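Below you'll find the structure, written out as structure tokens, and then a few comments.
Proteins get letters first, then strands, A, B, ... in listed order; numbering begins at 1 in each. These numbers were taken from a predicted model, which means no experiment stands behind them.
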Amino acid sequence: MLRRLAPGIARTWAPSTGFSRPGLAGVQFLARWHRSVADENAEKISFHFKQRDGSRKTVTVPSGTTVLEAAHLNQVDLEGACEASLACSTCHVILTADDYKKYGEPTEKEEDLLDLAPCLTPTSRLACQVVVDERLKDQEVSLPAMTLNFYVDGHVPTPH
Amino acid sequence: MPSLKPARLLTRSARDYHVAVVGSGPAGFYTSKYLFKKAGDTLKIDMFERLPTPFGLVRFGVAPDHPEVKNVINDFGVIARMPSFRYFGNIEVGSQPSLEDLRKLYDAVVLCTGASGERLLGIAGEESFGVVGAPAFVKWYNGHPDYQDLKLPSTVHGESAVVLGQGNVALDVARLLVRPPRDLDATDMERAAVNTIASWQKSGLRTVHIVGRRGFVQAAFTNAELRELLTCSDEVLPVVDPEELALCRNEASEEELSKSRMKKRSVDILDKMAANFAEMGSTSKRILRVHFLRSPQEVLSEDGGVRGIRLGRMKLQGEPGRQVAAPTEEAALEISCGLVVRSVGFDITPFNGLPLKSNRVPHTQGCVETSSDGLGGLYVSGWLKRGPQGIIASNIGDAQETAARLWNDLQHQSAKSSPDSFVSSLPRPVSFEDWKKLEAEEHRSGHEMGKAAAKFTRGCCEGVIFKAQTEGCCQGRIYTRAAQSCCGGRSLYDSETHGCCLENGAQVYRYGSYNCCRRPKGICRIRPGKATCCS
């Protein structure tokens, strides 16, 4: 059974979960479900992801992008299984205490989902619900150590 | 992206590894995703799925009124479209090809076949007509081809149904039994199921009881689903007896409660349901009544059909975090009802050729057997590996573990040659492109009917559609299950007069004249005067 190679034409959408496969020109495309980003004149905001291995990744996105979209646009390893529809908790991130206060309390629906996120903290949020703007400028957003009660990322299993 | 592996490039031939993934639900797709993350372009994955359609319980388990939960299939679609990935639907691994066949051809095989068995309660009357398991009931209303023939009562005696269990599946079932059918029909819920529920409601189904043997602090439901009972429809009134709610708050439960954010937040929701309790007698709405500390003792039946259920009063016993339900001497509650849905969990269905120990597949980090003697390694992922609990996202960490272990193991093997000639001999598999066409048709025909989608509920036999519950497909020929069977996926035979022997390939033999033996392996002709030809 011959595999037809995908033509090198850039796809109109990229994987929705931070798994990067740059198009032909190495340009990253927005995922199909990403909302259209704020206009070009929107201020560019830089903030930092603290990743699971402890490293820091600085990203710059237009104001109005969500933290989850920012992660996907920059190959930060954050799942978004339900595509920002408030039906899962895979995009769980941890804000600083100050930022959490700035953004105010999550909705009841988001809180219901946060109930299920492992490594939950008092300043946890779902990244798909946090909009990047000047509040987040130069701030740090941390990824929790565990992806749902099971596996610590970075762990290398040793065969028996 | 993948790190460089100079050792491999220098010492091995540049052959790609080929991995077979069996099962196309979240376990199969997440495992594939994380394997690709590890391996990049050096790995090829072939996925095999028994049904024509992919996605497993995402398609057949998620409630039809929760469409956003199914968005994850778009992520899976990205994996499916990767050039190093191939999907083969309508191929049943275990019969044809066998697990051993795959292990001979592939560098590794990952089983992600889940758990479709029913757990029973073991109480008298459980076999009565009108008692069904949630695994079957959910698949019935979700259009699973194997369950469209589920026999259910035409009216619900006592105007009540009882759901046993208090996980999110139990809440799904209860909610769908009382939601207005016009709401249900707008979803991709099977129309025949919507009509059945509509006729039940029309003929009087008014109350659905959701019964759990322990208290609310121990119940498995989560807040979003619990809250939804309050908000799903203004034709529905969820209630709980405030006295029963108070019974749930024994000392040990209070301690558990103080440590659980989720359970603390659930108190508010349950208090609202308790406030509704006073309206129960006078309301015209359909009622969802949640019971705690009640356990089924016996299903009461008449002429083999369910007429009611007796529920004993339980009390909580034990240390916080380990409390169990213990019976009391208090009076039991008898509920008159015509439908009982048992929602107490799934059970592992043994996979042909897979070891099981105390109902679990023994494995280490997802590895069942490492590769040896020309057989690729055997791995498991998902419910088959962890047991049948958790949500879609629970498979993420699980799949990462199996993928990491598998990829690690592959570094110690040289890659076999490509399984392409085997793959090209598969009998008309359904490709992912075929599935996308089918999906488009499901949406199109659904929209014509005012539905989100109308699912394809039949089987596909080399391009011809057949009714999966009464017919089978035997190498391209459709046959009626009542009269015939298919031996080894190849030979049709009359199951009244013949048998199928699989000891030495697939051999059809006539009862009475031949035997099927372990020794000698295969069929042998019975000599005149002898009882058997097996040694």
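Taking CD1 of B/I391 as the start and SG of A/C88 as the end, the distance is 8.0 Å to the nearest 0.5 Å. Here CG of A/D115 is found 7.5 Å from OG of B/S260. Values are rounded to the nearest 0.5 Å.
Other residues, nucleotides and ligands contribute more than 12 heavy atoms inside 6.0 Å of the NZ atom of B/K264. Heavy atoms of other residues, nucleotides or ligands lying less than 6.0 angstrom from NZ of A/K102 number more than 12. Around NZ of A/K57, the count of heavy atoms belonging to other residues, nucleotides or ligands within 6.0 Å exceeds 12.
Side-chain atoms of B/V72 and A/E83, non-hydrogen and from C-beta on, never get closer than 4.5 Å to each other.
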Please test B/T222 against A/D112 for side-chain contact (heavy atoms from CB on, under 4.5 Å), starting from the C-alpha separation and ending with a verdict. CA-CA 8 Å; B/T222 57; A/D112 284 346; over 6 Å; no
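Salt-bridge formation is detected for the pair B/R227/A/E108: a Lys NZ or Arg NE/NH1/NH2 atom is positioned less than 4.0 Å from an Asp or Glu carboxylate oxygen. A salt bridge links B/K33 with A/E79: the closest approach of a Lys/Arg side-chain nitrogen to an acidic carboxylate oxygen falls below 4.0 angstrom.
Proximity to chain B involves both the backbone and the side chain of A/C82, based on heavy atoms less than 4.5 angstrom apart. Heavy atoms of A/L114 lying under 4.5 Å from chain B belong to its backbone as well as its side chain. In this structure, no portion of B/F422 lies under 4.5 Å from any heavy atom of chain A.
Between chain A and the residues B/E68, B/M262, B/K70, B/R265, the most heavy-atom pairs under 4.5 angstrom are made by B/R265.
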